[in-house]
Amino acid sequence: MPELPEVETIRRQLAPLVEGRVLREVRIDDSRWSRPLAPAELQDALTGRRVDRLSRRGKYFVWELQDDVFLAQHLRMTGTLLYDADPATPHVHVRIALDDGHRISISDPRRFGTGELLLGEDARAAFFAARLGIEPLDGALDGPAMRAIVRDRRAPIKAVLLDQRRIAGVGNIYADEALHRAGIHPLRPARQLTAAQCERLSTGVREALQAGLDAGGATIDDFRHVDGVYGGFQNEFLVHRRRGEPCPACGREIVKFVAAGRGTYACETCQPKPRRPRT
DNA sequence: CGCCCTGTTGGGGA
DNA sequence: ATCCCCAACAGGGC
């Protein structure tokens, strides 16, 4: 469910509610969530600590706790982070009681979500350095940066966009959206992109993510805010393809295929298929 | 009712 | 470097 705009939206809503609060009680009912630690170990490490800041890196929430203790939390496919959730909410595997009486619940039907404890600045830096590349909304993702990222890579451009070690936070839906905005076919070998295409793609990635943020992270159909309310839609490529409607730019049919192992949508009029197999 | 397929993610093994 | 499969579950098509 959550891609970068959704994660950032949740972070912005939750940060003022948790920063400065102490985690009074932590209950983890899922041994998968806290691997490699046992749930009891993670509970003990978190309990009683003050939240200095709630930040984000790629699609990770970073709970910055006192004494340089960090929790890198990922919601993966189906995780939701709820504030004062309905007690009947299903699939809640992690519950946190704050010192002001409010509660945090993490609901995650598929249980892919993770929470990793990182002790100290160095551990945090190493964790993200091994996994994440450039932050797409920090201003550094321009045409030349994109060109350096695609250079020498013969993998399809969509696979490169989804590689978190290159660009942090672009998921399946926003990758399709960015490629449509840039007029680039998802299967085009990355190294074939011209300087002009790299420029358009860097803009497409930034604008697609920003549009998601402007919509309050409401671009995915079952996205819910921290208060449990469902979000709405915006009139973008990704919305049209979900509805089975034609391309909003040219009116031609949107086609579906597999790229980088994921379901992929494109308009092959706006995004011409690659013809040259190798370069 | 049951079976099969799909999926917003990322890690590990081939 | 790249591809495939997997984690666990819900929902839709047939």
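The structure displayed is predicted, hence computed values, not measured ones. Naming: A, B, ... by sequence-line order, numbering from 1 per chain.
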**Message:** Any donor-acceptor pair under 3.5 Å linking the side-chain atoms of A:Glu268 with those of A:His185?
**Reply:**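 There is such a pair (donor and acceptor under 3.5 Å, judged by atom type) between the side chains of A:His185 and A:Glu268.
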**Asked** Going by atom types alone, do A:Glu64 and A:Ser55 pair a side-chain donor with an acceptor below 3.5 Å?
**Response**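 Short answer, yes.
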**Asked** In the single-linkage hydrophobic clustering (I, L, V, M, F, W, Y; side-chain heavy atoms under 4.5 Å), do A:Leu162 and A:Leu141 co-cluster?
**Response**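 No: no chain of side-chain contacts under 4.5 Å links A:Leu162 to A:Leu141.
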**Request:** Treating Ile, Leu, Val, Met, Phe, Trp and Tyr as nodes and any side-chain heavy-atom pair under 4.5 angstrom as an edge, say whether A:Val18 and A:Val69 lie in one connected cluster.
**Result:**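 Result: yes, single cluster for both.
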**Asked** Is the number of heavy atoms from other residues, nucleotides or ligands within 6.0 Å of CG (A:Asp122) greater than 12?
**Response**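 Check fails, neighbour count at 12 or below.
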**Message:** Tell me whether A:Glu253 at atom CD has more than 12 heavy atoms from other residues, nucleotides or ligands lying less than 6.0 Å away.
**Reply:**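 No.
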Might you list the N or O atoms of the protein lying below 3.5 Å from N or O atoms in nucleotides 9-11 of chain B, with each pair's distance?
residue	atom	partner	partner atom	Å
B:dT9	OP1	A:Lys59	NZ	2.7
B:dT9	OP2	A:Asn172	N	3.0
B:dT9	O3'	A:His74	NE2	3.4
B:dT9	O2	A:Arg76	NH1	3.1
B:dT9	O4	A:Arg262	NH1	3.2
B:dG10	OP1	A:His74	NE2	2.8
B:dG10	OP2	A:Lys59	NZ	3.2
B:dG10	O4'	A:Arg76	NH1	3.4
B:dG10	N7	A:Arg262	NH2	2.7
B:dG10	O6	A:Arg262	NH2	3.1
B:dG11	OP1	A:Arg131	NE	3.1

Rounded interatomic separation in angstrom, taking [atom1] from [X] and [atom2] from [N]:
X	N	atom1	atom2	result
A:Arg32	C:dC6	CZ	P	14 Å
A:Arg154	C:dT2	CZ	P	7 Å
A:Arg191	C:dA1	CZ	P	13 Å
A:Leu81	B:dT8	CG	C1'	16 Å
A:Arg35	C:dA7	CZ	C1'	9 Å
A:Arg241	B:dT6	CZ	C1'	12 Å

**Item:** Watson-Crick or G-U stems of DNA chain B, 3 or more pairs, under 3.5 Å, by first number
**Value:**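 So the stems come out as B:2-7 with C:9-14, B:9-14 with C:2-7.
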**Asked** What interatomic distance, in whole Å, is found between P of C:dG12 and the corresponding atom of B:dT8?
**Response**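 So the two P atoms sit 15 Å from each other.
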**Message:** Reading DNA chain C from 5' onward, which residue's closest nucleotide shows up sooner: A:Arg166 or A:Pro109?
**Reply:**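 The residue closer to the strand's 5' end, by nearest nucleotide, is A:Arg166.
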**Prompt:** Of A:Arg111 and A:Arg165, whose closest DNA chain C nucleotide lies nearer the 5' terminus?
**Reply:**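 Result of the comparison: A:Arg165.
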**Prompt:** Does A:Arg241 count as lying over the ring of A:Phe237, i.e. NZ or CZ under 6.0 Å from the six-ring centre, within 45 degrees of the axis?
**Reply:**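 No, A:Arg241 and A:Phe237 do not form such a contact.
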**Prompt:** So, are A:Asp99 and A:Arg21 salt-bridged, with charged N and O less than 4.0 Å apart?
**Reply:**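 Salt bridge flag = yes for A:Arg21 with A:Asp99.
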**Item:** Ion pair check, A:Asp142 and A:Arg206, cut-off under 4.0 Å
**Value:**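 Between A:Arg206 and A:Asp142 there is no salt bridge, as every charged N stays at least 4.0 Å from the carboxylate O atoms.
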**Prompt:** Does the gap between the ring centers of A:Phe127 and A:Phe70 come in under 6.0 Å?
**Reply:**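 No, the ring of A:Phe127 stays outside the 6.0 Å limit from the ring of A:Phe70, centre to centre.
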Filtered N/O pairs between nucleotides 12-14 of chain B and protein, under 3.5 Å:
none

**Prompt:** Are A:Lys256 and B:dG7 close enough that a side-chain N or O sits under 4.0 Å from OP1 or OP2?
**Reply:**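 Yes, A:Lys256 has a side-chain N/O under 4.0 Å of OP1/OP2 on B:dG7.
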**Message:** Tell me whether A:Gln197 contacts the main-chain N or O of A:Ile184 through its side chain, where contact means a donor paired with an acceptor under 3.5 Å.
**Reply:**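 Not confirmed, A:Gln197 side chain does not pair with A:Ile184 backbone.
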